[in-house]
Amino acid sequence: TFALDSIYDDEHLQGTMWLVNPAFVISDWKGDATNVHVTVDGEIMKPGRDFRSGLEVTSEGRRLVVWLNRTIDLNAREEHRAEFSVGPAR
């Protein structure tokens with residue numbers, strides 16, 4: 001589980017805080033790319049519709065790449081942050 005926080009200390013940035021189709025790379029992934037559980041702010045994402053995932057195999061190991069089909073408006077949130085969870089499906 002992790003969170004993305006915006007830096008909100010300048011008036012000219014007001015109204016410009018959006019996460020558009022964020023992607024994450026998770027190193028040392030032990031599972032496969034088809035058995036992934038993703039949540040955004042506690043909401044369960046559906047594979048194929050809400051996110052896509054794939055494996056990148058390198059000399060250092062396997063990395064999971066997760067792309068979210070989602071636009072997240074941080075402007076509307078009091079703390080200007082979004083929380084994500086990525087792990088093996090249960």
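Numbers here are sequence positions counted from 1. Everything numeric in this text was worked out from a predicted model, so none of it was measured.
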Response to the item:
Of all heavy-atom pairs linking V66 and L64, the shortest is CG2-CD2, 3.6 Å
Discussion item. Give me the atom names and distance for the closest heavy-atom approach of G31 to L55.
Written reply: O-CD1, 4.1 Å
Discussion item. Can you tell me how far apart OG1 (T71) and CH2 (W18) are? Round to the nearest 0.5 Å.
Written reply: 7.5 Å
Worksheet item: Heavy-atom distance under 4.5 Å between the side chains of F24 and L68, does that happen here?
Response: yes
Fill in: Which atom of A82 lies closest to which atom of L74, heavy atoms considered
N-CD2, 3.9 Å
Worksheet item: Looking at side-chain heavy atoms only, is the closest gap between I44 and H37 below 4.5 Å?
Response: yes
Discussion item. Please give me the minimum heavy-atom distance between S53 and A33, naming the atom from each residue.
Written reply: OG-O, 2.5 Å
Practice prompt. Taking the side chain as every heavy atom from C-beta outward, state whether L19 and F84 have any atom pair closer than 4.5 Å.
Written response: yes
Worksheet entry | Fellow cluster residues of V65, listed by chain then number, with links counted only when side-chain atoms sit under 4.5 Å apart | V25
Discussion item. For R70 versus D50, what's the shortest heavy-atom pair and its separation?
Written reply: NH2-OD1, 4.0 Å
Worksheet item: Would you say R52 has more than 12 foreign heavy atoms packed within less than 6.0 Å of its CZ?
Response: no
Fill in: Any donor-acceptor N/O pair, N69 side chain to R49 backbone, under 3.5 Å
yes
Worksheet item: At their closest point, which heavy atom of F51 faces which heavy atom of V36, and how far apart are they?
Response: CZ-O, 3.6 Å
